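Before any comments, here is the structure.
Numbering of residues begins at 1 and proceeds along the displayed sequence. Just so you know, these numbers come straight off a predicted model, no measurement behind them. Counting convention: from 1, in listed order, for ligands and their atoms alike.
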Amino acid sequence: MDRERPGAQEWVPGDGGVARLREAVQGCRGCELWRDATQAVFGDGPADVRLMLVGEQPGDREDLAGEPFVGPAGGILDRALEAAGIDRDQVYLTNAVKHFRFEERGKRRIHRKPDVPHIEACHPWLDAELERIDPAVVVCLGATAARAVLGRAVKIGEERGAPLGLGDRVAVVTVHPSSILRLRDRAGRDAALDGLVDDLRVAAAAARAGAR
Ligand code: SF4
């Protein structure tokens, strides 16, 4: 991490909607991750929704496509959303960190988890999305998203699936869909998917109930 960088704040427009943010993020130099990525991948979805889902960072496929959750983890998330009765077109999907962090091994680009300074550098973009979208409920998909949204370290196993106070909003913490992909046995994957679905149902119920 290039520590003389001030983070993303100076690149975040003070006004305008999500479309303006999406355009501006391509010029962000708030940390070094822009250098090797293809492009920034900003959030996607309608601006008037009550439910926002936050993941970790774009993966290889998302980096190339410029859209969040279009790769294998996105496929798992689609299944979980459908099983939870949530229309993907009625949620806003984004990531805590907007550029893909990876290391090259031969021709492959292998995901590298963002460090805390990357999460903090990129936080002004997430803040701007929260302000513009103003969701009632924020689902944190995995520990990186939970840290970005809640501002502290979170043990997913201890805090998942229960509404957590987030100012005048509610946060619900759950696993990242990619953690389900990494499980080797079918029974384990099915159980983990069921757990994700249960947590998403909690979030959907909180959004329906008003949550604030
Ligand atoms: S990861 Fe975030 S802070 Fe870093 S350059 Fe990209 S948009 Fe800016």
Side-chain angles (χ1 to χ4, degrees), residues 1-47 49 52-74 77 91-105 108-135 138-154 166 169 171 173 176-179:
M1 173 91 196
D2 193 348
R3 285 183 184 278
E4 75 267 15
R5 292 283 180 193
Q9 190 60 57
E10 71 179 86
W11 285 275
V12 178
D15 54 14
V18 174
R20 176 123 192 262
L21 297 176
R22 188 174 292 115
E23 197 178 307
V25 75
Q26 298 304 336
C28 183
R29 302 294 181 259
C31 74
E32 80 284 8
L33 294 185
W34 65 274
R35 286 193 196 119
D36 296 326
T38 306
Q39 59 194 316
V41 179
F42 207 63
D44 186 43
V49 295
M52 177 187 283
L53 273 62
V54 182
E56 182 194 75
Q57 65 167 357
D60 185 70
R61 292 266 294 277
E62 288 83 5
D63 169 81
L64 296 172
E67 293 175 42
F69 289 101
V70 294
L77 182 62
V91 298
Y92 184 87
L93 285 170
T94 193
N95 283 300
V97 173
K98 311 304 189 206
H99 278 103
F100 179 34
R101 188 183 194 211
F102 61 92
E103 61 185 44
E104 287 183 313
R105 281 191 214 150
R108 296 181 63 205
R109 303 191 301 171
I110 308 297
H111 163 276
R112 277 185 75 195
K113 196 175 161 62
D115 294 331
V116 171
H118 298 119
I119 298 168
E120 290 174 351
C122 214
H123 196 266
W125 292 111
L126 184 59
D127 255 353
E129 288 174 295
L130 283 165
E131 185 199 322
R132 268 53 162 206
I133 304 292
D134 194 22
V138 183
V139 177
C140 309
L141 300 166
T144 296
R147 175 179 270 281
V149 171
L150 294 168
R152 60 179 172 84
V154 173
L166 183 67
R169 312 182 206 281
V173 169
H176 193 283
S178 63
S179 70

By salt bridge (Lys or Arg N to Asp or Glu O under 4.0 Å), which residues pair with E103, not counting sequence neighbours?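 With neighbours one apart ignored, the set is R105, R112.
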For D36, is there an ion pair with R109 - N to carboxylate O distance below 4.0 angstrom?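 The answer is no: the pair does not qualify as a salt bridge.
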Does D115 pair with R101 as a salt bridge, N-O distance under 4.0 Å?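 A salt bridge is present here (some side-chain N lies under 4.0 Å from a carboxylate O).
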Who are the side-chain hydrogen bond (donor to acceptor under 3.5 Å, both in side chains) partners of E129, not counting sequence neighbours?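 So E129 forms a side-chain hydrogen bond (donor to acceptor under 3.5 Å, both in side chains) with Y92, T94, K98.
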Can you see whether W34 has R29 sitting over its ring - NZ or CZ less than 6.0 Å from the centre and within 45° of the normal?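 Yes; both conditions hold, so R29 lies above the ring face of W34.
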Distance filter under 2.8 Å, centred on atom 6 (Fe) of ligand 1 - protein N, O or S atoms that pass it: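 Result, waters dropped: H99 ND1.
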Taking only residues two or more places apart in sequence, or in another chain, which ones meet E23 in a side-chain contact (heavy atoms from CB on, under 4.5 Å)?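 Here no residue qualifies.
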